Amino acid sequence: NAGVMQNPRHLVRRRGQEARLRCSPMKGHSHVYWYRQLPEEGLKFMVYLQKENIIDESGMPKERFSAEFPKEGPSILRIQQVVRGDSAAYFCASSPRQGGTEAFFGQGTRLTVV
Amino acid sequence: AQKVTQAQTEISVVEKEDVTLDCVYETRDTTYYLFWYKQPPSGELVFLIRRNSFDEQNEISGRYSWNFQKSTSSFNFTITASQVVDSAVYFCPPQGRALTFGSGTRLQVQP
């Protein structure tokens, strides 16, 4: 049973480009969570999705960021018109249900904006 | 909603020492869950344990042990005979709709 798969592991984008980060949850998991970790900082919650629904996006910046988790395929975190401040590690986690259960994390995508 | 406090921001020990990481929680729920995660220098978060509020038995897994005490609202984590590979940031995230992580406790194990 494969773990949470994130790709790419490393992504370099120029300022103004778009970044698309992918997350395939563990088999049987329908809940996905995205987190961002800036250098030397803690992990910040961004968004929580269940298949085809955004459940909680309270940590998501209001502009340029969006997330989806379609019925088929991986969850996508999309960052439009990237800026240097978007450089961070983005982690995805999945769980089989909401609340009271552990979430398993992927290895992260390290985004560098040049 | 649950709130947790990891008062220790950084701990440094020498290899083979025992070390305890503190986690104090607040909740009004009668049923709740507590977690520990580890983030080694490689970056990936590793799930260590989940404990539900009905189970106050201590848990031991190799050199790791967890002491859950409702009376003091604590869920502490002890590493026995620490090793350099234990160096990491350890999180005790509060339960919510999604787990949220603070700054954790950074453990440095010196050789």
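Fair warning: this is a prediction, and the values are worked out from it, not measured in the lab. Below, chains carry the letters A, B, ... as their sequence lines are ordered, and counting in each starts from 1.
Scanning both residues, B/A98 and A/Y48, for their nearest heavy atoms gives CB-CB, 4.5 Å. Taking all atoms of both residues into account, the shortest heavy-atom contact from A/F105 to B/E44 is O-OE2, 3.6 Å.
For A/A89, no part lies under 4.5 angstrom from a heavy atom of chain B. Of the atoms belonging to A/T101, heavy atoms from both backbone and side chain fall under 4.5 Å from chain B. Heavy atoms of B/F101 lying under 4.5 Å from chain A belong to its backbone as well as its side chain. With a threshold of 4.5 angstrom between heavy atoms, A/E41 does not approach chain B through any atom at all. In this structure, chain A has a heavy atom under 4.5 Å from the side chain of B/Y37, while its backbone stays farther away. Neither the backbone nor the side chain of B/T31 has a heavy atom closer than 4.5 Å to any heavy atom of chain A.
Counting heavy-atom neighbours within 6.0 Å of B/R63 CZ, excluding the residue itself, gives a total above 12. Other residues, nucleotides and ligands contribute only 12 or fewer heavy atoms inside 6.0 Å of the CD atom of A/Q81.
A continuous path of ILVMFWY side-chain contacts below 4.5 Å connects B/L21 to B/L48, so both sit in one hydrophobic cluster. Under the 4.5 Å side-chain heavy-atom criterion for ILVMFWY residues, no single connected hydrophobic cluster contains both B/L45 and B/I79. By the rule that hydrophobic residues join a cluster once side-chain heavy atoms approach within less than 4.5 Å of another member, A/V82 and A/L11 end up as members of one cluster. Cluster annotation: A/L21 is connected to A/I54 through the hydrophobic network of ILVMFWY side chains, with a link wherever side-chain heavy atoms come within less than 4.5 Å.
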